[in-house]
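Shown next, in C-alpha cells, is the structure this report addresses.
To find a chain, count down the sequence lines: A is the first, B the second, and so on, and within it residues start at 1.
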There are 2 protein chains.
Amino acid sequence: MPTEIKKYTDKQELIAKFSNALGHPVRVAILQQLSKQSCCFHGDMAEVLPIANSTLSQHLKVLREAGLIQGEIDPPKTKYCINKENWNLAKGLMIGFFD
Amino acid sequence: MPTEIKKYTDKQELIAKFSNALGHPVRVAILQQLSKQSCCFHGDMAEVLPIANSTLSQHLKVLREAGLIQGEIDPPKTKYCINKENWNLAKGLMIGFFD
DNA sequence: ATTTCTGTTCGTAAAGATACGAACAATATT
DNA sequence: AATATTGTTCGTATCTTTACGAACAGAAAT
C-alpha cells in the first residue's frame, strides 16, 4: 500500500468530489433549501421534489457521502442538516478554484 | 414542445451542468492549468496528464460542451482557452450558491 | 505523392449514475 | 399485538461515464 501512485492532488480530488455532489439539479435544489434554513426533514423535501422517495434517499446519501450534509433520526422523521465544516471547506475550494 | 414541464430552475440546471464538468479530477487539473495561463495546447496537457490522448480529447469535449473552454485549431496543433464569459458566469453562480 | 505530426472520432468494455416500486425496519399509536 | 407513519435498502432496468487502442483526418514537410 505504499506503492500507491497518486495521479491528482488532494485538492483536485476534493474539488472533483464536491463538484460531483453538485452535479445533479435535484441535489443543487436540496442544498439550496438546506443552506437557506440549515436543516430540513426528508418528508418536507419529498413533498416538493419531483422524484420518488427512494430516489430522494439515494441523492441524500450521495450528499452525505460527499460530506456536505449530515442526517440524524428524530423518530419517526429524519432530519438533514448542512455539514458546515465541509460546506465551508467546499466554499473555500471553489472560490479559490475560480480565482 | 410547449408542453415541457420544468422540474428545476435554470439556475439549478446551470449549477449542476458546470459542477458536472468539474466532477472529475483530470478536468479540474485541466481547468487549473488553463485558468493559470489562459490558453494551452492539447499536446502540452497530454504530456503532463496521466491519461491517453484519446481520453484527454473526451474530457476536453466535456468541458467544451459545458461551455467552460473553447478550442481552436492552429495547425497542426489545437489550442484550448478558458471561455471567460461562461467561466465568470460559473464563478458567480458558485459563489452565490455557497453564499 | 508519401510520410510525419497532431489530435479527433470510433468501437468497445467495464464501471457508475439515475430512476422506480417492492420489501423492509424502527418507532409510535391504537 | 396490530397498524400506521416515515425512510431506507434491495432488486432491477436503463443510460451515462470513463478508459483504451485502432483507425482516421488535416496540414506540413520531405
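- Bracketed by its first and final contacts, the part of DNA chain C lying under 4.0 Å from non-hydrogen atoms of chain B reaches from C/dT6 to C/dT9 in 5' to 3' order.
- Not one N or O on the side chain of B/Thr55 forms a donor-acceptor pair closer than 3.5 Å with the backbone of B/Ile51.
- Using a 4.0 Å cut-off on heavy atoms, the residues of residues 16-50 of chain B that approach DNA chain D are B/His24, B/Arg27, listed by number.
- By the SG-distance test at 2.5 Å, no disulfide connects B/Cys40 to B/Cys81.
- When hydrophobic clusters are built by joining Ile, Leu, Val, Met, Phe, Trp and Tyr residues whose side-chain heavy atoms come closer than 4.5 Å, directly or via intermediates, B/Leu63 is grouped together with B/Leu56.
- Going from atom CD of A/Glu72 over to atom C1' of D/dT8 covers 17 Å, rounded to whole Å.
- Inter-residue side-chain proximity for B/Leu89 and B/Phe18 is flagged as met; some heavy-atom pair is nearer than 4.5 Å.
- Residue pairs satisfying the ring-ring contact (aromatic ring centres under 6.0 Å, His included) criterion with at least one member in residues 27-59 of chain A, sequence neighbours excluded, are listed as follows: A/His24-A/His59.
- Judged as a side chain to side chain contact (heavy atoms under 4.5 Å, CB included), and not counting sequence neighbours, the contacts of A/Gln12 are A/Tyr8, A/Thr9, B/Val28, B/Ala29, B/Gln32.
- At the heavy-atom level, A/Ile51 lies under 4.0 Å from the strands shown only through sugar-phosphate atoms.
- Between B/Gln33 and B/Val48, every side-chain heavy-atom pair lies at or beyond the 4.5 Å cut-off.
- In this structure, A/Glu47 has no side chain to side chain donor-acceptor pair (under 3.5 Å) partners at least two apart in sequence or on a different chain.
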Show me, pair by pair, the donor-acceptor contacts under 3.5 angstrom made by side chains of residues 91-99 of chain B, not counting sequence neighbours?
none

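- Applying the salt bridge (charged side-chain N to carboxylate O under 4.0 Å, His left out) test to pairs two or more places apart or on separate chains, those with a residue in residues 7-31 of chain A are A/Lys6-A/Asp10.
- Contacts between residues 52-61 of chain A and DNA chain D, defined by a heavy-atom separation below 4.0 Å, involve A/Asn53, A/Ser54, A/Ser57, listed by number.
- OP1 and OP2 of D/dT6 both lie 4.0 Å or more from every side-chain N or O belonging to A/Tyr80.
- Regarding A/Lys77, its NZ atom lies at a distance of 17 Å from the C1' atom of D/dT8, rounded to whole Å.
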Listed pairs, N/O of protein and of nucleotides 27-30 of chain D, under 3.5 Å:
none

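- Within the structure, side chain to side chain donor-acceptor pair (under 3.5 Å) pairs that include any residue of residues 71-89 of chain A do not occur (at least two apart or interchain).
- Nearer to the 5' terminus of DNA chain C, by closest-nucleotide assignment, is the contact made by B/Lys79 (compared with the other of B/Lys79 and A/Val62).
- Comparing the end axes of the helix from C/dA1-D/dT30 to C/dT30-D/dA1, each fitted to five base pairs by superposing C1' atoms of four pairs onto the next four, gives an inter-axis angle of 0° (nearest 10 degrees).
- For the pair A/Leu68 and A/Ala21, the tightest heavy-atom approach, listed with the atom from each and the gap, is CD1-CB, 3.8 Å.
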